[in-house]
2 protein chains.
Amino acid sequence: MTTPSPINWPKYQHLYEEISVPAKTVLLEEGKTSRYAYYIVEGAVRLWFNNKGKDTTFQFFFEGEGVSSIESFRTGQPSMCTIETISAARLLKVSKENLDLIIDSEPGFRANLEGIIFHRLLRYTKMFIAQIRDTPQERYEALIRDQPHILQRVPLQYIASYLGITPVSLSRIRNKLQREK
Amino acid sequence: MTTPSPINWPKYQHLYEEISVPAKTVLLEEGKTSRYAYYIVEGAVRLWFNNKGKDTTFQFFFEGEGVSSIESFRTGQPSMCTIETISAARLLKVSKENLDLIIDSEPGFRANLEGIIFHRLLRYTKMFIAQIRDTPQERYEALIRDQPHILQRVPLQYIASYLGITPVSLSRIRNKLQREK
DNA sequence: AAGTTCTCTTTACATTTGTTAAGAAATCAA
DNA sequence: TTGATTTCTTAACAAATGTAAAGAGAACTT
């Protein structure tokens, strides 16, 4: 779930729960099985995993997006990553069972799922390509250009690991770009 | 198309063409629209794109796998990458139209497509994560461990760009690992 | 308001990687 | 086989990144 869903949510109000949580709330812990998907009404969320004791962020989500550990939610396997709020957030929380009910009640939505997954595939493919093709500086410049909202709302340390570099290195790149102006 | 398809191919012999091509044959050129998908009977194929004049490989395919520029084949947009044989190859070549005919004739296959795309999504997600989490040396060691067949059949220069490094750097890593034994 | 925590930057040094060039080794073609 | 091409390794130097530590600044808590 990454794109805004076309679901008529109010119709299914009895099947989901609206929750408000503070910043740094863990919605799903790495290694546990995902039983809920979330839809972000307000706030920012990141996916990260533990890497030799360090915290590596690999994806951000914002208002209007659905979040889950997609592979765990679908396959029932333990999640590769933790889902955690960055800021205080309002979320719709839906269990797997109830989401299935909703999806089956919305004609044509099940067919749409393939399209949603396809576009997420493209997104990760492009992220992988950017990673082997571009330098960290180029990836940072692309982030500023294409997704400036991330920069405004996410602490730089998380952005650094998302770019595959350390906060120190990101700081140097920012310094360099500023001097060049 | 990345997983071996469950299609009963002989039944549809009139809808595809079996071709034999030498090494370094371009099956699809970057920037052009993909009109054919291929199934590899024998041989090795890589996907690469032009990166500031340099050749960057980002995926390999072998016997029993289907190959296409998946996003171009599906959306009709120009391909991000070139598809090229690494070695001499025997291939089944299917047009988009005929593949649709075949898929529609095989009950349940259309539904399977979502699963195929889902698993390819997982694969790219894991490649992206490995890229921001692991060092080039760790990625090379994982390649030896998990996909040794690639190492046996693909020139090291292509593997280097697949790992996101230069052939020189890969050579140093190989030298270092050998000395450590 | 004061203290605490979190975030970001900077410095110095070590390590890794990129670049360029040269040559060895392997492969291919005539 | 022989010559040509491709592939791989090595060397030297430049550039980028990682690590560790210190401190400034911002944000949050009480």
Side-chain angles (χ1 to χ4, degrees), chain A residues 21-26 43-44 46 48 51-57 60 84-89 130-141 143-144 150-181, chain B residues 21-26 43-44 46 48 51-57 60 84-89 130-141 143-144 150-181:
Chain A
V21 296
K24 303 208 176 194
T25 300
V26 171
R46 71 188 177 109
W48 64 274
N51 175 28
K52 301 153 198 161
K54 286 188 181 171
D55 171 315
T56 301
T57 299
F60 303 106
E84 187 179 314
T85 57
I86 294 173
S87 54
Q131 200 67 31
I132 64 176
R133 183 189 57 199
D134 304 329
T135 64
Q137 178 171 332
E138 285 167 339
R139 294 200 296 277
Y140 176 68
E141 291 175 303
L143 192 71
I144 295 174
I150 291 185
L151 215 57
Q152 288 160 9
R153 301 189 53 188
V154 175
L156 288 175
Q157 55 181 329
Y158 300 149
I159 290 174
S161 73
Y162 177 70
L163 294 172
I165 57 178
T166 60
V168 175
S169 192
L170 177 56
S171 197
R172 278 189 287 237
I173 289 168
R174 285 161 57 83
N175 184 307
K176 183 181 170 192
L177 288 176
Q178 210 160 23
R179 273 181 293 123
E180 281 173 3
K181 277 179 193 166
Chain B
V21 297
K24 302 206 178 195
T25 301
V26 171
R46 71 189 177 108
W48 63 274
N51 175 29
K52 300 153 197 161
K54 287 188 181 171
D55 170 315
T56 301
T57 298
F60 304 106
E84 187 180 314
T85 57
I86 294 173
S87 54
Q131 200 67 30
I132 63 175
R133 182 188 59 197
D134 304 328
T135 64
Q137 179 172 333
E138 287 168 337
R139 295 200 297 274
Y140 176 68
E141 291 175 301
L143 192 71
I144 295 174
I150 291 184
L151 215 57
Q152 288 161 8
R153 301 189 53 188
V154 175
L156 288 175
Q157 55 181 330
Y158 300 150
I159 290 175
S161 73
Y162 177 71
L163 294 172
I165 57 178
T166 60
V168 176
S169 192
L170 176 57
S171 197
R172 278 190 285 236
I173 288 168
R174 285 162 57 85
N175 184 307
K176 183 181 170 191
L177 288 176
Q178 211 160 23
R179 276 181 290 125
E180 282 173 3
K181 279 179 191 165

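In what follows, every chain begins at residue 1, and chains take the letters A, B, ... in the order their sequences are listed. Note that these values count all heavy atoms, side chains included, but never hydrogens, waters or copies made by symmetry.
Once you apply a 4.0 Å limit to the heavy atoms of chain B, the touched nucleotides of DNA chain C run 5' to 3' over dT16(C) to dT20(C).
No hydrogens or angles considered: nothing links the side chains of Arg133(B) and Thr56(A) as a donor-acceptor pair under 3.5 Å.
A salt bridge (Lys or Arg N to Asp or Glu O under 4.0 Å) check over residues 151-161 of chain B, counting only residues at least two apart or in different chains, returns the pairs Glu63(B)-Arg153(B). For residues 158-175 of chain B, the side-chain hydrogen bond (donor to acceptor under 3.5 Å, both in side chains) pairs, not counting sequence neighbours, are Tyr140(B)-Arg174(B), Asn175(B)-Arg179(B).
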Sugar-phosphate means primed atoms, P, OP1 and OP2; the rest is base. With that split, encode nucleotides 12-24 of chain D 5' to 3' as B, S or - using protein heavy atoms under 4.0 Å.
B---SBBBB----
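Across the protein-nucleic acid pair, Gln157(A) atom CD and dA27(D) atom P stand 14 Å apart, rounded to whole Å. Atom CD of Gln152(B) and atom P of dT7(D) are 18 Å apart (whole Å). One atom, CG of Leu156(B), and another, C1' of dT9(D), lie 10 Å apart when rounded to the nearest Å.
Residues passing the side-chain hydrogen bond (donor to acceptor under 3.5 Å, both in side chains) test with Arg139(A) are Gln131(A), sequence neighbours excluded.
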Derivation of the side chain to side chain contact (heavy atoms under 4.5 Å, CB included) call for Ile173(A) and Ile165(A)
CA-CA 11 Å; Ile173(A) 289 168; Ile165(A) 57 178; 3.9 Å; yes
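When side chains are defined from C-beta on, Glu84(B) does not count as touching Thr25(B), because their heavy atoms never get closer than 4.5 Å.
The end-to-end axis angle of the helix from dA1(C)-dT30(D) to dA30(C)-dT1(D), rounded to 10 degrees and based on five pairs per end, is 50°.
Of all the heavy atoms in Phe60(B) and Ile86(B), the pair that sits closest is CD2-CD1, 3.9 Å. Closest non-hydrogen pair, Ala44(A) versus Ser87(A), comes out as N-OG, 3.2 Å.
Atom CD1 of Ile144(A) is separated from atom CD of Gln152(A) by 11.0 Å, given to the nearest 0.5 angstrom.
Using a distance-only test at 3.5 Å, with no hydrogens or angles considered, a donor-acceptor pair links the side chain of Thr85(A) to the main chain of Pro22(A).
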